[in-house]
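Below you'll find the structure, written out as structure tokens, and then a few comments.
Everything numeric here is computed off the predicted structure, so don't read it as measured data.
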Amino acid sequence: MAKVPRSFRLLSELEHGEKGIGDGSCSYGLKDSDDIAMYEWNGTILGPPHSAYENRIFSLSIYCGDKYPDVPPLVKFESKINLPCVNHQGLVDFSRIPSIAHWKRDFTLETVLVELRRDMAAPSNRKAPQPAEGTEFPPLDLEALAKQRKV
């Protein structure tokens, strides 16, 4: 089976993201509509009900490097969150999310956001104490980090 080029794949994801995902609990789109290479994205996750995240809106930055979708994007929570798969800088550690720990080319930005939300609702994380609403992780240059990690 032929591999779909990165740009076609991301155009498809952009179109899907603009239409909205399922029940509207997750959304994503380009950070800058003039970014023709489609590197930088914004994501939003609504906290799952009956959890410590309920009634909160979490903002994320996503960087899809040149090797995406063969390698996962860099994902950073801008909104502070206490979740085992998120480090002190707000970066998501995919290896700590069982369903996407072994990255597959057919995973999408939607997959990432939905699985993060599912992780928030997991029994082990549902009641985790959270930072004050409105607090954010310090800024981080995802483009520089992507170059450093060669993604």
Residue among Leu142, Leu91, Val92 satisfying side chain to side chain contact (heavy atoms under 4.5 Å, CB included) with Val75 =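 Passing option: Val92.
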
message = Tell me every residue that passes side chain to side chain contact (heavy atoms under 4.5 Å, CB included) with Pro48, counting only those two or more places apart in sequence or in another chain.
response =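 For Pro48 the side chain to side chain contact (heavy atoms under 4.5 Å, CB included) partners, ignoring immediate neighbours, are Ser51, Tyr53, Arg117, Met120, Ala121.
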
query = Residues in side chain to side chain contact (heavy atoms under 4.5 Å, CB included) with Glu136, at least two apart?
reply =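 Partners of Glu136 under the side chain to side chain contact (heavy atoms under 4.5 Å, CB included) test: none.
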
How far apart are the closest heavy atoms of [X] and [Y], and which atoms are they?
X      : Y      : result
Asp35  : Leu30  : O-CD1, 4.1 Å
Asp70  : Arg105 : OD1-NE, 2.7 Å
Arg96  : Pro98  : O-CD, 3.6 Å
His50  : Lys127 : O-NZ, 3.6 Å
Phe137 : Val86  : CZ-CG1, 4.0 Å
Ala132 : Arg56  : C-NH2, 4.2 Å

When you measure from the side chain of [X] to the backbone of [Y], do you find a donor-acceptor pair of N or O atoms at a distance under 3.5 Å?
X      : Y      : result
Asn125 : Leu83  : no
Glu13  : Leu109 : yes
Arg6   : Gly65  : yes
Arg9   : Lys3   : no
Ser59  : Ser79  : no
Asn82  : Pro129 : yes

task = Please tell me if the side chains of Leu116 and Cys85 come closer than 4.5 Å, counting only heavy atoms from C-beta onward.
result = yes

key: Ile57 side chain near Thr44 side chain, heavy-atom distance below 4.5 Å   =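 They are in contact (side-chain heavy atoms under 4.5 Å apart), so the answer is yes.
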
Mind checking the [atom1]-[atom2] spacing from [X] to [Y]? Nearest 0.5 Å is all I need.
X     : Y      : atom1 : atom2 : answer
Cys64 : Glu40  : SG    : CD    : 10.0 Å
Glu18 : Tyr28  : CD    : OH    : 9.5 Å
Leu14 : Trp41  : CG    : CH2   : 4.5 Å
Phe58 : Leu113 : CZ    : CG    : 13.0 Å
Glu78 : Ser61  : CD    : OG    : 3.5 Å
Ile45 : Asp119 : CD1   : CG    : 10.0 Å

query = Under 30°, 30 to 60°, or over 60°: which ring-plane class applies to Tyr68 and Trp103, parallel, tilted or perpendicular?
reply = tilted

inquiry  = Same cluster or not: Tyr63 versus Phe107, using hydrophobic residues (I, L, V, M, F, W, Y) connected whenever any side-chain heavy atoms lie under 4.5 Å apart?
reply    =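 Hydrophobic grouping puts Tyr63 apart from Phe107.
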
task = Determine whether Leu74 and Val71 fall in the same hydrophobic cluster, where Ile, Leu, Val, Met, Phe, Trp and Tyr are linked whenever their side-chain heavy atoms lie under 4.5 Å apart.
result = yes

Can you give each donor-acceptor pair under 3.5 Å made by side-chain atoms of residues 143-151, sequence neighbours left out, with the distance rounded to 0.1 Å?
residue	atom	partner	partner atom	Å
Glu143	OE2	Lys147	NZ	2.9

key: Heavy atoms of other groups near Leu11 CG, more than 12 under 6.0 Å   = yes

